[in-house]
Amino acid sequence: MKNLITALLLTLTGWATISAQTNNSDMFILGGELSNSAATSIADIDVVMPRMKTLGLNTVLVPAYWEFLEPEEGQFDFTLIDRTIQQARQQQLKVVFLWLGAWKNSMSCYAPLWFKQDTKRFPRARTRQGKPLEIASAFSEKVFQADNKAFEALVRHISESGSDVVTMIQVENEIGMLEDARDHSTLADEVYKKGVPQELIVYLKKNQKTLHPWLKQRLQASNLSPLTSWQKLFGDDIYTDEIFMAYYYAKYVGRLCETARKYTQMPLYVNAAMNSRGRQPGQYPSAGPLAHLIDLWHCGAPQLLCLAPDIYDTGFKGWADQYALSNNRLFIPESRCCANSGARAMYAFGEHRALGFSPFAIDQASSCETESITKAYNLLRQVDALTSHHPPLATNGLLFDQEDKERIITDDGMIMTCRHYFTLPWDPRATDGSTWPEGGAILMKLAHNDYLLAGTGVVVAFASSYEKAREQQQVLGEDGFVAAGSPSSISHQPSAVFNGSRKGIASVDEVTVDEQGQMHYLRRMNGDQDHQGRHVRISCGEWKMLHVRLYDYQ
């Protein structure tokens, strides 16, 4: 949400640079990425783009395939690119093109056949044992020149005929080495033996205090001198191989970015396949634009707007947190498209003021998998409209599941206890043995004692810090009152006098927001719907926006 982002990100390090790159910080990507084959024919493009509009997207992430762009060497065909741009205009959508050039998910699968077959001119990466891979070597100048020529043709064409529609370009796709931590081809080994380049030495010295903790721990700072070997500076293991490879992947991408800059200042980014599930470099795509390698990528490709995580594994919050850094704007170009996607989008925008969110293969997803995205994006548009006229004082994102079900937020002498909706006792779905759907929301402070809660599957209780400190844990029955036999706070014995203020709920109103940022009342929720003033809640399966006013009493 462009205005929420503008209001809340101005204090981040490097924001002035980011703002310039994103053209007045107006990037607000309510996205969806097409499956790999969805844009390989005009007929498919004509079908899929109108569908994306009906799902509530404002931006579609669309592959741009090298093999279709340059089917014969030196002969370019922009048919698919032009049809995508034409359809986007008709549907009033924006497009992010994904350059599937030398690499797609590590492999060179979308390179043209003339490139694939000529392995003498366009050599492959090799494992330590000398096994050739279906991965073009990043150390070959001829590989780069062929890739760069096609990429230049694409960017030039977009700048001439699609700059009103195309807002950003992804450079390659999930770059990384597989089967080994680095390329062991003859070209790569020759570069490795030359030692750490002076450019990287200078960068590490200049940024030594702010390096990513993982890299800082590995760095032998005493050895920061010209012609230092990779092993001497970083250690002798496969992670040093990964560091070496990351720097040169980044240098390759940086050169592509320089080519793009001849024609456009459009933001450029790279996406990363995660280093998850305890795997080692080469088991996951080694040396890609991963969080722990961010300094290598910043050094080699400083033109990039961000390193963007593709999040498919469990632990969504943890992955997002790794990439939401002061020097890296969070953008999630790929996430598993599922019933929980909408809740995750609410969290990403609310907690991290994300540049955008985009479920993958949204064109192939079922209605039950896309429904939450449509509803979440509807709420996010309204939140954006509201904050454009009334910048919030504070914003938090909430995301809960069956294991991670509570978050405590402290604000100006008040404690907000936020929980998954199924922590309430009366919904039978909470205890029927099924997996809980994720609950996600944005909680915004509009003014003193004035809040907005938008999302699904959450419950929030407000208390002064004084009353929270005196709170007794109680087991509730299905009617919402203390369960029979549980410890009671009712006693005839003398006890410490309650001598502080409490927070009460003055009103809970379900609202909508129009395009001018004006809030419109739908209904009052002060009875059973807020448990007679005990909390504010949105049940699982509902998508609402609640305007909450509090008051203080003694």
* **Residues Phe28, Phe349; criterion ring pair (Phe, Tyr, Trp, His ring centres under 6.0 Å); working and verdict** => CA-CA 10 Å; Phe28 172 41; Phe349 284 105; 5.7 Å; yes
* Stepwise side-chain contact (heavy atoms from CB on, under 4.5 Å) check, Phe68 with Thr79 -> CA-CA 9 Å; Phe68 285 101; Thr79 301; over 6 Å; no
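Side-chain contact annotation: Arg261 with Thr264, donor-acceptor N/O pair under 3.5 Å absent. Using modelled atom types, one finds no donor on one side chain facing an acceptor on the other under 3.5 Å when comparing Asp180 with Thr127. Side-chain atoms of His292 and Glu242 include a donor-acceptor pair closer than 3.5 Å. Side-chain polar atoms of Ser140 and Ser137 form no donor-acceptor pair below 3.5 angstrom. Inspection of the Tyr263 and Glu152 side chains reveals an N or O donor paired with an N or O acceptor under 3.5 Å.
Using a 4.0 Å cut-off between charged nitrogen and carboxylate oxygen, Arg255 and Glu141 count as a salt-bridge pair. With respect to Asp295 and Lys216, no salt bridge is recorded, no charged nitrogen being found less than 4.0 Å from a carboxylate O. Taking the charged nitrogens against the carboxylate oxygens, Arg126 and Glu179 have no contact shorter than 4.0 Å, which rules out a salt bridge. Note on Glu172 versus Lys104: no salt bridge recorded, every NZ/NE/NH1/NH2 to OD/OE distance being 4.0 Å or above.
In this structure a side-chain-to-backbone donor-acceptor pair under 3.5 Å is missing from Trp214 to Leu293. For Asp363 (side chain) and Ser35 (main-chain N/O), a donor-acceptor pair under 3.5 Å exists by modelled atom type. In this structure, the side chain of Ser286 engages the main chain of Ala181 through a donor-acceptor pair within 3.5 Å. The main-chain N or O of His157 is found under 3.5 Å from a side-chain atom of Ser161 such that the two form a donor-acceptor pair. Between the Ser341 side chain and the Pro359 main chain, no donor and acceptor come within less than 3.5 Å of each other. A distance-only check finds a donor-acceptor pair linking the side chain of Ser106 to the backbone of Gly176 [under 3.5 Å]. Judged by distance alone, the side chain of Gln283 and the main-chain N or O of Gln280 form a donor-acceptor pair under 3.5 Å. Arg83 places no side-chain N or O within donor-acceptor distance of the main-chain N or O of Ala39, the cut-off being under 3.5 Å. Side chain of Ser108 to backbone of Ala111: no donor-acceptor contact under 3.5 angstrom is found. Although no hydrogens or angles enter the test, the distance criterion places a donor-acceptor pair under 3.5 Å between the side chain of Thr240 and the main chain of Phe234.
Contact annotation: the side chain of Asp404 approaches that of Lys317 to within less than 4.5 Å [non-hydrogen atoms, C-beta and beyond]. Taking the side chain as every heavy atom from C-beta outward, Cys418 and Ile409 approach each other to under 4.5 Å. Counting heavy atoms from C-beta on, the side chains of Asn58 and Arg381 come closer than 4.5 Å.
When each of Ile175, Leu290, Asn328 is tested with Trp297 by the rule side chain to side chain contact (heavy atoms under 4.5 Å, CB included), just one qualifies, namely Ile175. Each of Leu98, Thr84, Val96 was compared with Val62 under the side chain to side chain contact (heavy atoms under 4.5 Å, CB included) criterion, and only Thr84 meets it.
The salt bridge (Lys or Arg N to Asp or Glu O under 4.0 Å) contacts involving residues 222-241 comprise Arg128-Asp241, Arg182-Asp241, Arg218-Asp237, where partners must be two or more places apart or lie in separate chains. Identified under the salt bridge (Lys or Arg N to Asp or Glu O under 4.0 Å) test for residues 193-214, with sequence neighbours left out: Glu199-Lys251. The side chain to side chain donor-acceptor pair (under 3.5 Å) pairs that include a residue from residues 60-69 are Trp66-Glu70, where partners are two or more places apart or lie in different chains.
Centroid-to-centroid, the aromatic rings of Tyr203 and His298 stay 6.0 Å apart or farther. The six-membered or imidazole ring of Tyr248 lies near that of Phe244, with a centre-to-centre distance under 6.0 Å.
The aromatic rings of Phe151 and Trp99 sit tilted, their planes meeting at an angle between 30° and 60°.
Within a 6.0 Å radius of CZ in Arg336, no more than 12 heavy atoms belonging to other residues, nucleotides or ligands are found. By the 6.0 Å contact criterion, NZ on Lys116 is enclosed, its count of non-hydrogen atoms from other residues, nucleotides or ligands being greater than 12.
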